[in-house]
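Take a look at the structure set out below.
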Number of protein chains: 2
Amino acid sequence: MNDIPFDPYQRACPSRTVLDRVTDRWTVLVVGALEAGPLRFTELAHRVDGVSQKMLTQTLRGLERDGLVTRTVHAEVPPRVEYHLTDAGRGMLEPIHAIERWTLAHADAVLTARAEYDTVHAAS
Amino acid sequence: MNDIPFDPYQRACPSRTVLDRVTDRWTVLVVGALEAGPLRFTELAHRVDGVSQKMLTQTLRGLERDGLVTRTVHAEVPPRVEYHLTDAGRGMLEPIHAIERWTLAHADAVLTARAEYDTVHAAS
DNA sequence: CAGTATCCCGCAGGATACTG
DNA sequence: CAGTATCCTGCGGGATACTG
């Protein structure tokens, strides 16, 4: 049991490293892509458009390390490796859905605000 | 009206830059800190422990640019500057709450999984 | 197919110093 | 107090090449 509660607003709190995982761009997209079901490495690379193999590997290893994704190797030739969410990983879908919902709902407003701001604060 | 719907899974979709805002570490903490009410620059720096003045300024400018935060300068000496969420910014609280909830709820499990993983995959 | 291994560049972001 | 302005370094992350 913990004597000290987690608080991401504190610099030294370990929970901040956990926060970093949820607020990772590729993590959000990869976990979101895995919601519909297990995917292979290449399939993921296609779904998450623009991710490099290095970043995809790195993201998947991190998710595996955190117990959010499981990596299954099927003994075949050519090899088939599938990634699927664990129960803990599926828990991440709630914040991810909220993030995606907000992004889609406010994208227009934000982009408009940006253009407006840049017009007003245009460099001479 | 948009002929093309936003899709953050597509590399070139502008919504990905909006996604980047919500998935920014300091953004989440700053907006979360502003939920309770307006705060001054220094107060924010204290609440969001560990943020450098440079990153705080940068984060606030970004939020202002995106129309999520308003900056109010009170004509006093010494100057008093207050930041508060706009309605759009308050909308970001939903994903942020979900993120914070998940972080606090799964921090223990994730940290344990990490330790376990690192033990098993220890470098020789 | 599903990676690992390198090389390398740009820039995120901290530290420090200065201003209205 | 609330910043801006520089300098500088580490590493995020892309490109490329190689392997089981």
Side-chain angles (χ1 to χ4, degrees), chain A residues 8 10-12 16-17 19-30 33-34 38-66 69-84 117 121-124, chain B residues 8 10-12 16-17 19-30 33-34 38-66 69-84 117 121-124:
Chain A
Q10 294 303 313
R11 152 179 22 200
R16 203 169 261 189
T17 67
L19 177 67
D20 286 340
R21 163 90 35 224
V22 209
T23 57
D24 179 74
R25 198 245 209 109
W26 297 127
T27 292
V28 168
L29 294 174
V30 165
L34 286 176
L39 289 176
R40 308 175 60 165
F41 189 86
T42 322
E43 291 170 336
L44 266 172
H46 270 93
R47 295 281 203 115
V48 183
D49 190 32
V51 68
S52 64
Q53 78 282 51
K54 177 181 173 178
M55 287 317 294
L56 183 52
T57 301
Q58 199 169 294
T59 302
L60 287 169
R61 290 295 162 276
L63 287 168
E64 210 187 336
R65 181 166 100 107
D66 290 357
V69 154
T70 305
R71 180 173 180 271
T72 310
V73 184
H74 299 268
E76 306 174 0
V77 177
R80 192 172 97 246
V81 178
E82 284 192 332
Y83 294 92
H84 65 92
Y117 184 99
H121 300 78
S124 58
Chain B
Q10 293 304 312
R11 152 178 24 200
R16 200 170 262 190
T17 69
L19 178 67
D20 286 340
R21 164 92 33 225
V22 210
T23 57
D24 179 72
R25 195 243 212 118
W26 296 127
T27 291
V28 168
L29 294 174
V30 165
L34 286 176
L39 288 176
R40 308 175 60 167
F41 188 86
T42 323
E43 292 171 335
L44 265 172
H46 272 90
R47 295 283 203 112
V48 183
D49 191 32
V51 69
S52 64
Q53 79 283 47
K54 178 180 173 180
M55 287 317 294
L56 182 53
T57 301
Q58 199 169 296
T59 302
L60 286 169
R61 291 294 164 276
L63 287 168
E64 212 187 335
R65 182 165 100 107
D66 289 357
V69 154
T70 305
R71 180 174 179 269
T72 310
V73 183
H74 299 268
E76 304 173 4
V77 178
R80 193 172 96 247
V81 179
E82 285 192 332
Y83 294 91
H84 65 91
Y117 184 98
H121 299 77
S124 58

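Each chain gets a letter, A, B and so on, in the order the sequences are listed, and its residues count up from 1.
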[X] versus [Y], closest heavy-atom pair with distance:
X	Y	answer
B/A33	B/L44	CB-CD2, 4.0 Å
A/L56	A/V30	CD1-CG2, 3.9 Å
A/L19	A/P8	CD2-CB, 4.2 Å

Would you mind telling me which of [options] lies closest to the side-chain atoms of [X]?
X	options	value
B/P79	D/dT4, D/dG20, C/dG20	C/dG20
B/P78	D/dC1, D/dG3, C/dG3	D/dC1
B/Q53	D/dT4, C/dA2, D/dT16	D/dT4

Open item on the list: For A/H46, is the NE2 atom crowded, meaning more than 12 foreign heavy atoms sit under 6.0 Å from it?
Closed with: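 12 or below, so no.
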- [ ] Please check if atom CZ in B/R47 has more than 12 non-hydrogen atoms from other residues, nucleotides or ligands closer than 6.0 Å.
- [x]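 It does not: B/R47 CZ has 12 such atoms or fewer within range.
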Open item on the list: Tell me which one of A/T59, A/D20, A/V22 satisfies side chain to side chain contact (heavy atoms under 4.5 Å, CB included) with A/T27.
Closed with: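 Going through A/T59, A/D20, A/V22 one by one, the side chain to side chain contact (heavy atoms under 4.5 Å, CB included) with A/T27 is satisfied by A/T59 alone.
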Starting at atom [atom1] of [X], determine the distance to atom [atom2] of [N], rounded to an integer number of angstrom.
X	N	atom1	atom2	value
B/L56	D/dT4	CG	C1'	14 Å
B/F41	C/dG20	CZ	C1'	15 Å
A/E82	C/dG3	CD	P	12 Å
A/H46	C/dA2	NE2	P	11 Å
A/E64	C/dT4	CD	C1'	15 Å
B/H74	D/dC1	NE2	C1'	13 Å

Between [X] and [N], does any side-chain N or O lie under 4.0 Å from OP1 or OP2?
X	N	answer
A/R71	C/dG3	yes
B/Y83	D/dC1	no
A/R61	C/dT4	yes
A/R40	C/dA2	yes

Each nucleotide N or O in nucleotides 8-13 of chain D that has a protein N or O under 3.5 Å away: list the pair and distance.
unit_1, atom_1, unit_2, atom_2, d
D/dG13, N7, A/K54, NZ, 2.6
D/dG13, O6, A/K54, NZ, 3.4

Task: Side-chain donor or acceptor of B/R71 paired with backbone N/O of B/Y83 under 3.5 Å - done: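 Between the backbone of B/Y83 and the side chain of B/R71 there is no qualifying donor-acceptor contact (under 3.5 Å).
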Task: Paired nucleotide for C/dG10 [Watson-Crick or G-U wobble; both distances under 3.5 Å] - done: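 WC or wobble partner is D/dC11.
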Open item on the list: Partner lookup for C/dT19, please. Criteria are Watson-Crick or G-U wobble with both distances under 3.5 angstrom; report none if nothing qualifies.
Closed with: D/dA2
Task: 5' precedence on DNA chain D between B/R80 and A/V51 (nearest-nucleotide basis) - done: B/R80
